[in-house]
Protein chains: 2
Amino acid sequence: MRGMETVRPYSHVLEKICVVGLRPTRQRLALAKVLFESGDRHTTAEKLHTEARAAHIRVSLATVYNTLHQFTNAGLLREIVVDASRSYFDTNTSSHQHFYCEETGEIEDIPDGLVTLSDLPPPPKGTTIERVDVVVRVKTISD
Amino acid sequence: MRGMETVRPYSHVLEKICVVGLRPTRQRLALAKVLFESGDRHTTAEKLHTEARAAHIRVSLATVYNTLHQFTNAGLLREIVVDASRSYFDTNTSSHQHFYCEETGEIEDIPDGLVTLSDLPPPPKGTTIERVDVVVRVKTISD
DNA sequence: GTGTTTGCAAAGTGTTTGCAATTTA
DNA sequence: TAAATTGCAAACACTTTGCAAACAC
């Protein structure tokens, strides 16, 4: 089969992009490649932009922001709130939690099931629970 | 005892302010009064500023920000991260968790003990757990 | 008086938006 | 070609900072 692969890489992403009514433009496909080619990742708009340009993808920061939000709405990404001054996006959209180190800005996944919540009280009147976010804040050991 | 109370309101706050080496200035005392006079509260710099001015306290927004951070460092407040674009401060500094409604911006406390975490995995190498934040995101019921 | 704090306005950060030029279907 | 997308620069919201005037001790 060597040499004759007709594999369209990231076809699942291509599919998802189309399903939501987004056109598979050069920028979106390139950003999707960077985002999804290497397992689960946590990134910010700025980091993704830097990375994209390092990979010779010409894309503006505004488009990176737009794309991140479009992907999030499409269910390809999940936004995680760990820091009041920066938006992080997670390529793992399934149910799980996070370790977050403020000093380094690093986020690490905690697989689902490792954190168990019990006895959650009823939400405020007139509201329903949308989801539960757990952030385990860590600091580097200084000695 | 009526009429002879020598109670110094917020003396505990006054004390704490002094202990940390902050001078009990008019602005700091006034903001502390607004913050601590009515049970547990969740507020933002903007909200506190508006409230302060409504109460005829002349204070600049910059000073509100500075004061919130000084109080936080002093352990009088706790900063809570629920939204990537706004900083919230909680007058309840003890261990507890939160309901957060993005639509209304409202935060409600979940008393400690109502949420139980179990089987927390070990933190990333070289780090120790500082604290665990749980945010139960809710949305208003639309029908 | 001396050092701290305040207020203002300016600067800074991260993010969003308006719009003409470009690209996609 | 018609509609969607891009990039730029300007606008934004929130927050921090520099510095002279005001204040606390």
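In the text below, chain A, chain B and the rest are named by the order of the sequence lines, each starting its count at 1. Heavy-atom basis, side chains included; hydrogens, waters and symmetry copies ignored. Treat the numbers as computed from the prediction; the structure is a model and nothing was measured.
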**OP:** Determine whether Arg78(A) and Ile80(A) make a side-chain contact, defined as any pair of heavy atoms from C-beta on separated by less than 4.5 Å.
**Re:**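 In contact.
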Subject >> Outermost nucleotides of DNA chain C that come under 4.0 Å of a non-hydrogen atom of chain A >> reply: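 The footprint of chain A covers dG14(C) to dA25(C).
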Original post:
Has Arg58(A) got more than 12 heavy atoms of other residues, nucleotides or ligands less than 6.0 Å from its CZ?
Top reply: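 No, because the 6.0 Å sphere around CZ of Arg58(A) holds 12 heavy atoms or fewer from other groups.
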Original post:
Starting at CD of Gln27(A) and ending at P of dA4(D), how long is that distance when rounded to a whole Å?
Top reply: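 Distance, rounded to whole Å: 17 Å.
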Original post:
Is there a side-chain polar atom (N or O) of Arg28(A) under 4.0 Å from OP1 or OP2 of dT5(D)?
Top reply: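 Yes.
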Original post:
When rounded to the nearest 0.5 angstrom, what distance separates CD1 in Ile129(A) from NZ in Lys139(B)?
Top reply: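 Reported to 0.5 Å precision, the distance equals 11.0 Å.
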Original post:
Tell me, do Ser87(A) and Glu79(A) make a side-chain contact under 4.5 Å, heavy atoms counted?
Top reply: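 Yes, their side chains come closer than 4.5 Å.
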**OP:** Evaluate the ring planes of Phe89(B) and His69(B), with Trp represented by its six-membered ring, and classify them as parallel (under 30°), tilted (30 to 60°) or perpendicular (over 60°).
**Re:**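 Aromatic pair Phe89(B)/His69(B) classed perpendicular.
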Original post:
Is the count of non-hydrogen atoms from other residues, nucleotides or ligands lying under 6.0 Å from Glu130(B) atom CD greater than 12?
Top reply: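 Yes, the 6.0 Å shell around CD holds more than 12 heavy atoms from other groups.
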Subject >> Validation row: Ile57(A), Lys33(A) side chains within 4.5 angstrom (heavy atoms) >> reply: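 The answer is no, as the side chains (C-beta and beyond) never meet within the 4.5 Å cut-off.
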Subject >> Inter-axis angle, terminal five-pair segments of the helix from dG1(C)-dC25(D) to dA25(C)-dT1(D) [nearest 10°] >> reply: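 Here the helix ends are tilted 30° relative to one another.
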**OP:** Check whether any side-chain heavy atom of Leu76(A) sits under 4.5 Å from a side-chain heavy atom of Phe36(A), and report yes or no.
**Re:**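 Yes; the side chains approach each other to less than 4.5 Å.
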Original post:
Salt-bridged, Arg137(A) to Glu103(A), with N to O below 4.0 Å?
Top reply: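 Answer for the salt bridge query: no.
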Original post:
Contact class for Ser87(A) vs. all strands (heavy atom < 4.0 Å): base, sugar-phosphate, or nothing?
Top reply: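 Sugar-phosphate, backbone atoms only, no base.
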**OP:** Would you jot down, in residue-number order, the residues of residues 57-82 of chain B having a non-hydrogen atom under 4.0 Å from DNA chain C?
**Re:**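 Close to the strand are Arg58(B), Val59(B), Ser60(B), Ala62(B), Thr63(B).
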**OP:** Measure the shortest side-chain to side-chain distance between Thr43(A) and Leu35(A) over non-hydrogen atoms and say whether it is less than 4.5 angstrom.
**Re:**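 Contact flag for Thr43(A)/Leu35(A) side chains = yes.
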Original post:
Any side-chain heavy-atom pair from Val59(B) and Val64(B) closer than 4.5 angstrom?
Top reply: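 Counting from C-beta outward, Val59(B) and Val64(B) do come under 4.5 Å.
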Original post:
Between Glu46(B) (CD) and dT15(D) (C1'), how many Å, whole number?
Top reply: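 So the CD-C1' distance, Glu46(B) to dT15(D), works out to 10 Å.
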**OP:** Round to a whole Å and report the spacing from CG of Leu22(B) to C1' of dC23(D).
**Re:**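 Whole-Å distance recorded here is 15 Å.
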Original post:
Pick the nucleotide of DNA chain D nearest each of Thr25(A) and Thr25(B); which residue has the one closer to the 5' end?
Top reply: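 Result: Thr25(A).
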Original post:
On DNA chain D, nearest-nucleotide positions of Arg23(B) versus Ala45(B): which is more 5'?
Top reply: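 Result: Ala45(B).
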**OP:** Take atom OH of Tyr88(B) and atom C1' of dC14(D), then tell me their distance rounded to the nearest Å.
**Re:**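 Value for this atom pair: 12 Å.
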